[in-house]
Amino acid sequence: MKKAMLSVLLLALVAALAGAAITYVNGITEPVIEENVANEERENLLKMFPDGEFIELDGYTMNDCILSVYEAKDRGYVVKAAAYGYNTSTPIIVLIGFDKDGKTIGISALQQQETSGYGARCFEKIFMEDTYVNKTADDKIDTLSGATRTSSAMQKIMEAAFEAVSEVR
Amino acid sequence: MKAVIYVVILVGVYALAYILNHRTKKPAGCENLREECSSCHIVSCPANAVYEGGKDRD
Amino acid sequence: MKLLSLALAAILVNNVVLTKYLGLCPFFGVSRNFRSAIGMGLAVTFVIFGASLITYFLYYLILLPNGMEYLRLITFILVIASFVQLTEMFIKKYSASLYKTLGIYLPLITTNCVVLYVAQENITMKYTLLETCVNSLAVPAGYMLVLVLFACMRERLEGADTPRAWKGVPIALITAALMAMAFSGLAGII
Amino acid sequence: MWRNFKDSFIKDNPVFSMFLGLCSVLAISTTFNNAVGMGLCVTIVLIFSNVIISLLRKLISNEIRIPVYIVVIASLVTIVEMLVHAYAPSLYRSLGVFLSLVVVNCIILGRAEAFASKNDVFSSAADGFGMGMAYTFALVLISVVREFLANGSVIFYDPFDPEKVIFGFAFESLKPYTMPLAASSVGAFLVFACFAAFFAMLKNRAADKEKEADKQ
């Protein structure tokens, strides 16, 4: 019976050590991760409005496309939105820049793993420039043949973004 | 600190389940239930070659 | 409606074995004959459903309020392992016949990647409770479907005279590749 | 020493001949960079788990040896996952969920049970390193083939800051002939099947040679 007690005790000790080690390492890495995420966010925003300062707004109605809306002081807005295109395991995350009166002035894909050669064509520079940039809320965003699933997801993102910006303005 | 207690409780539950399971005897008639899957070498699977040799260990 | 498309996607389109390569270790080992494939499928379905429900509650009731999300991996592993042990114990106690079909596979499931993947996915995809239940039933159903299909083909393969080097797992991999091609054809349905 | 090292690389390479850790091998080997990152993580976890388990081997009673292994391996993987998440974010994003799936990687539990629980600390560490390198070797082999087939070039960039490319070779002339299929799941199965068959052929040939030698 003593041996069983000893092994149970040892197991509890191993468990305690494991828990303590994880908490300790987490103590070190948690701030580093947060800081990474924060300055990565800033980097993306700065790409949209070089050296603007950003305040996060939340005056828009929540829908599952919009991740966050920022206002660049008296220069415009930046909307971060996500949707699932053809690839249903990794969402498309996009950052859209608006000027003060709600016209899109820039767009950049933060994360997209659509099929190369088909869906990925939506994210080529030329296509993005002329379909998504300097459009207002009432312009129609057209889709790309051969990449219907991806471009319709982008359409959903653009509509949600326009709606959010109009509410916030 | 809460994390340590939490992990210890969790491991305790697992150890309890593990020991309870090994104490309950297998129902009659299926002691040497052996599946001839030879190609995967998952060690925790009783059909594994490791158990052949180490019969006395368990 | 969203739940149905979620279930359909989990079973056919993002099938866990063919598009995400999970659960391959036992997949090639166990699917020798039809009966063992069914046994394995049922055992995996039961364990995934039970374990992911427990991990769902543990995560949202204990880990999140106390800010201990970083313990999620060790929680998942320990919950899955203890759940497997408990189910094996119950089956041993109460039904010898069930133990005859499932008994051999239960300890195997603790090292099965699918179980951990589903538990993790329920959290990262922020599913609600209902979606978690549907997902935890649909993914193993997809796993079982592919396992059973594969078992039938495997029996025919044993008969065929494959070249010596290709016997066993290599030829099974080629069959899996063909199945993956077939399943990727279903991608547009949802 | 060299003999068993070569053995663990070629003859009983954990991935090709014993088919362990298939889940991560097929999924991660889309790019060379992921393969090296994953291989290193697995090797680190393998070495530490072997060392810790062989330290404890005299204390653990037979009854609870699997629970101790699982707890040790799970906490090691959580720690490695956190470190990668903090200091190599691009690697963490590309490995994704498979980093935490290393816990159920059959190699680590296998080596712990079959080797570490019976040998002293130093040889367990060496075995862990050997197995880890064999795993990385297999992973890198497949990923070079798959990445080359898929996009005609293989690049290896520094995991700590993704812009700096350490080395890479590309054949511009081959670019139009790339096969995106190789990067998909179908390609993974096919490429792995060919490698598995190749290693099985090596093994059969070695076995036949031995049979001839015994007959004489």
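Protein chains get the first letters and strands the later ones, always in sequence-line order, with residue 1 at the start of each. We use all heavy atoms of the structure for the numbers below, so side chains are in, but hydrogens, waters and symmetry mates are not.
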Which region of D:Phe195, side chain (C-beta onward) or backbone (N, CA, C, O), has a non-hydrogen atom less than 4.5 Å from a non-hydrogen atom of chain C, or is it both or neither?
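Contact with chain C involves no heavy atom of D:Phe195 at all.
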Let me know if D:Met201 has heavy atoms under 4.5 Å from chain C in its side chain, its backbone, both or neither.
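For D:Met201, backbone and side chain are both near chain C.
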Measure C:Val17 against the heavy atoms of chain D and call it side chain, backbone, both or neither at under 4.5 Å.
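Backbone of C:Val17 only, per the 4.5 Å heavy-atom cut-off to chain D.
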Measure distances from C:Phe183 to the heavy atoms of chain D and classify the residue's part below 4.5 Å as side chain, backbone, both or neither.
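It is neither, since no heavy atom gets under 4.5 Å.
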What pairs of donor and acceptor atoms, side-chain ones from residues 185-194 of chain D against any protein atom, are under 3.5 angstrom apart with sequence neighbours left out?
from     : atom 1 : to      : atom 2 : distance (Å)
D:Ser185 : OG     : C:Leu18 : O      : 3.0

Heavy-atom pair with the smallest gap, counting every atom of C:Leu53 and C:Cys133
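Smallest heavy-atom distance, with atoms named: CD2-SG, 3.7 Å.
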Considering non-hydrogen atoms only, spot the tightest contact between D:Leu139 and D:Gly39 and give its length.
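D:Leu139 and D:Gly39 have their closest heavy atoms at CD2-N, 4.0 Å.
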Please check this pair: side chain of D:Ser123 against backbone of D:Asn119, looking for a donor-acceptor N/O pair closer than 3.5 Å.
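Pair absent, no side-chain N/O of D:Ser123 close to backbone of D:Asn119.
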Sorted by number, residues from residues 170-177 of chain C in contact with chain D (heavy atoms, under 4.5 Å)
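Residues C:Pro170, C:Leu173, C:Ile174, C:Ala176, C:Ala177 are the ones that qualify, each having a heavy atom under 4.5 Å from chain D.
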Look at the rings of D:Phe199 and D:Phe137 and say which category their plane angle falls in: under 30° parallel, 30 to 60° tilted, over 60° perpendicular.
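Answer is perpendicular, since the angle exceeds 60°.
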Residue selection (most heavy-atom pairs with chain C, distance under 4.5 Å) from D:Asn204, D:Leu101, D:Val25, D:Ile73
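Of D:Asn204, D:Leu101, D:Val25, D:Ile73, D:Asn204 has the most heavy-atom pairs under 4.5 Å with chain C.
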What residues, two or more places apart in sequence or in another chain, satisfy ring pair (Phe, Tyr, Trp, His ring centres under 6.0 Å) together with C:Phe83?
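For C:Phe83 the ring pair (Phe, Tyr, Trp, His ring centres under 6.0 Å) partners, ignoring immediate neighbours, are C:Phe46.
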Among all residues two or more places apart in sequence or in another chain, which pass the side-chain hydrogen bond (donor to acceptor under 3.5 Å, both in side chains) test with C:Arg72?
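Result, side-chain hydrogen bond (donor to acceptor under 3.5 Å, both in side chains) vs C:Arg72: D:Glu81.
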Are any of the side-chain nitrogens in C:Arg164 or D:Asp208 under 4.0 Å away from the carboxylate oxygens of its partner?
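A salt bridge links C:Arg164 with D:Asp208.
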